[in-house]
Amino acid sequence: MIVTGVPVSGGTAVGRLVVVGAHVPADVDVDDRPGSASTVEDLIALLVAAVDTSRAEITAIAAEARERLGDESAAIIELQLLVLDDPEWWNPILDQVRSGSEPSAAVWSVTSAVAEVLGSLEDPYLRERAADVLDVGQRVADRLAGRSRRGALRGLSGDVVLAAYELSPTDTLDLDLDVVRGIVTETGARTSHAAILARQLGIPAVVGATGLLEAVAAGSLVVLDGDAGTCEINPEQHVVDRARTKAAGAAPRAVIDHPVTTRDGLKIRVLANASSVADVERAVAYGADGIGLYRTEFLFMGSPELPDEDAQAEHYAAVAEAACGRPVTFRTLDVGGDKPVPGLHVEAEENPFLGVRGIRLTLANRPVFDAQLRALARTAAAYPGVSVMIPMVSGLEELDEVREVLREVAPGSTFRLGAMVEVPSAALLVDEFAREVDFLSVGTNDLTAYLLAADRGNLHLQHLYSEFHPAVLRALDQIRRGAADTPVSICGELAGDPRASGLLIGLGYRRLSVSGPLVPAVKDRVRRLDSGAATAATDTVLRARRHRDVEAALQVLLDLQA
Ligand code: PEP
Ligand code: MG
């Protein structure tokens, strides 16, 4: 039997299926109370012990995340400790237990009520905290029921494919990478948190595999294909053997630690996308030629308050140091209603993806923008490979304003200034932009969404949301041509897609910025390609009028890079 979902992190995994946290919150069994506690004091003691253990677990996960992935990831986890220490959560639970409720029932009733209130608030940052509260409530309820989520995740052995209704960021960061070979979840989309982390960690993953948990028994042998988005349950032996060979072949990919050329000698730069110092270190270890996109918003999202100019300058210098002399392109703060930041108030919007995001938000919050530009100017003065890129630009006027701000707050700044091409108006005006900036970078994640009017995170629109749609491919062609001699890279997820390397080189792109762990595979494909053949095959792909015709035409390109 094969369950199909959305492929979010490539590769093949073979292992026994282990189900973690299979219950959705509403299914928590309130009679799960262990032991023989009967007095109110006993129940409160149980509750306090469950909270203390949960606190210790979260602290340990944060410490490991700090070591593995850096301060920003750890800070996201540590926000959950605030919930455990919040009297508005704790006191009503105590009251309910004192009035005769079971501890787990009390935890769930208060947790759900707090999450509901948070979820209905205007402030997007507080709205996001609803998920943290639910995650913490689940952890404490698990403890009360004698289950340990951490124990379930940590006590695994053999080759495991982890299945869950949903994996929270804490769960994803807590995985034992020595045994977990793949991840499959019932919920989620390509850009959900667990999906991004799986890609950063290089674990094959499929999300949105609806019906999986009902269809499959824990312990079944499964073959997970993170490229096709399938999870085959109890497959025939020859399927398992083939998948094992594929998984083993993929694991120790040789790192190619220098700029690669195609078979006919064309130099292609394979850069990495990063959001933390640890990401940059990993990217360097994977042989990235530089950082093509540093998402600065994670520094802002991971801090309890806005980082000031000095804190930012210190962080950006650490990023540049970690890049060991390789070029780094910092993107200015790209947040809005969808990516809230503590300390930065954003009005609730009907339509945050068409709202005050990216450059619109920073131009409207000058103290924040000024501090960031000053910090970046200081970094560029000390590290010559630093460039700065502006997100969500829709017209030349925004660039004029950025230049004016720069003249005012960081006169004499030495960095190269570039713009993202991710709003269709910028794609249509690309020749004009190209004359006014030092470089361009195409954000295919947002560009695809805006061109096709399909939300990139909406599971129900995944059949529409495709970077291989003929309209997106023609836009990429026009952008490349319109950019003329101005360097233009691709930094959306398409750049790392195994089906896209030949296509993008055929379109004329010479710089690809991808998730760090994907760098070796992309370099590997580039080396097998002949750029002349890729250009000829790409012309056929560009003539495709329907999505399915693109798929057929792509096969020629795939054969070229095989
Ligand atoms: C993009 O839109 O393709 C992009 C790289 O930016 P982000 O994914 O951070 O929006
Ligand atoms: Mg974007």
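Just so it is clear, the structure is predicted and the values come from calculations on it, not from any experiment. We count ligands from 1, going down the list as the structure has it; atoms in each ligand are counted the same way.
Contact annotation: the side chain of Q372 approaches that of L376 to within less than 4.5 Å [non-hydrogen atoms, C-beta and beyond]. Using a 4.5 Å cut-off on side-chain heavy atoms (C-beta onward), E422 and P391 make contact.
With hydrogens and angles ignored, the 3.5 Å screen pairs a side-chain donor or acceptor of D549 with a backbone N or O of R546. In this structure a side-chain-to-backbone donor-acceptor pair under 3.5 Å is missing from N351 to F353.
Contacts between E467 and ligand 1 below 4.0 angstrom, taking non-hydrogen atoms only, are absent altogether. Only the side chain of L293 comes within contact range of ligand 1, with a heavy atom under 4.0 Å; no backbone atom does. Of all the heavy atoms of E493, none lies under 4.0 Å from any atom of ligand 1, so neither backbone nor side chain is involved.
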> What's the verdict on salt bridge (Lys or Arg N to Asp or Glu O under 4.0 Å) for R543 and D539, showing C-alpha distance, side-chain angles and the deciding distance?
Replying inline: CA-CA 7 Å; R543 279 197 295 276; D539 285 345; 5.7 Å; no
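Note on E422: its N/O/S atom closest to the Mg ion (ligand 2) is OE1.
Near E422, the atoms of ligand 1 lying under 4.0 angstrom from a non-hydrogen atom of the residue are 1 (C), 2 (O), 6 (O). Within ligand 1, the atoms closer than 4.0 Å to a non-hydrogen atom of G443 are 1 (C), 2 (O), 3 (O), numbered from 1 in the order shown.
Among the atoms of R295, some N or O lies under 3.5 angstrom from an N or O of ligand 1. Looking at T444 next to ligand 1, an N or O pair under 3.5 Å apart turns up.
Among the backbone and side-chain atoms of D446, an N/O/S atom is found under 2.8 Å from the Mg ion (ligand 2).
Nearest-heavy-atom check against atom 4 (C) of ligand 1 across N445, D334, N273 picks out N445.
Under 4.0 Å is where a charged nitrogen must lie from a carboxylate oxygen, and between R499 and E467 no such pair does.
Looking at every heavy atom in both residues, S387 comes nearest to R416 through OG-NH1, 2.9 Å.
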